[in-house]
Amino acid sequence: MRAANTAGKSAALLGLAFDNDDGHTRLTRGKNFLLCGGSQNTHAVMQETAVKVNEHLDKRGKRLEDLPLGELREICREVTDSIQR
């Protein structure tokens, strides 16, 4: 059972992908995220994205649940730009 945080807020990134045709069920849980489905490649991209978002949050000393939407968009843009190189 999780302890409630003091502000009563919680947040998570949810990744869903439907391009799987190999029969594997992919599910990854981590700090602030849950990823379901996808091909091996798509799921790997979702994993990399979620991990990098958390790295950006750690660098900024912020928690996902306290992040303004505009700042989350900025982080997501930076992460997707870095992945697409």
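Keep in mind that the numbers below use all heavy atoms, side chains included, and drop hydrogens, waters and symmetry copies. Please read these numbers as outputs of a predicted model, since none were measured by experiment. Sequence positions, counted from 1, serve as the residue numbers for this chain.
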Go through it in stages, so that I can follow the logic: the residues are E71 and R63, the test is salt bridge (charged side-chain N to carboxylate O under 4.0 Å, His left out), and I'd like the CA-CA distance, side-chain angles, deciding distance and then a yes or no. CA-CA 11 Å; E71 193 170 352; R63 300 179 321 153; over 6 Å; no
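Atoms CZ and CE, from F33 and M46 in turn, are 10.0 Å apart once rounded to the nearest 0.5 Å. Rounded to the nearest 0.5 angstrom, N54 CG and I75 CD1 are separated by 9.5 Å. The line from CG of L14 to CG of L35 is 8.0 Å long, rounded to the nearest 0.5 Å. Atom CG of residue L64 and atom NE2 of residue H56 lie 13.5 Å apart, to the nearest 0.5 angstrom.
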Sequence neighbours left out, cut at 3.5 Å: what donor-acceptor pairs do the side chains of residues 15-22 make with other protein atoms?
residue	atom	partner	partner atom	Å
D19	OD1	S39	N	2.8
D19	OD1	T42	OG1	3.4
D19	OD2	S39	OG	3.2
D19	OD2	T42	OG1	2.5
N20	OD1	D22	N	2.8
N20	ND2	H24	O	2.3
D22	OD1	H24	N	3.1
D22	OD1	R26	NH1	3.3
D22	OD2	R26	NH2	2.8

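The closest side-chain donor-acceptor pair between E65 and S10, if any, does not fall under 3.5 angstrom.
With hydrogens and angles disregarded, a donor-acceptor distance shorter than 3.5 Å links the side chain of H43 to the backbone of G37.
The salt bridge (charged side-chain N to carboxylate O under 4.0 Å, His left out) pairs that include a residue from residues 29-45 are K31-D58, where partners are two or more places apart or lie in different chains.
Note on L34 and L67: separate hydrophobic clusters, where clusters join Ile, Leu, Val, Met, Phe, Trp and Tyr whose side-chain heavy atoms are under 4.5 Å apart, directly or indirectly.
Remark: R73 pairs with no residue by the salt bridge (charged side-chain N to carboxylate O under 4.0 Å, His left out) rule, at least two apart or across chains.
We find that E55 and K59 are not joined by a salt bridge, their nearest charged nitrogen and carboxylate oxygen being 4.0 Å or further apart.
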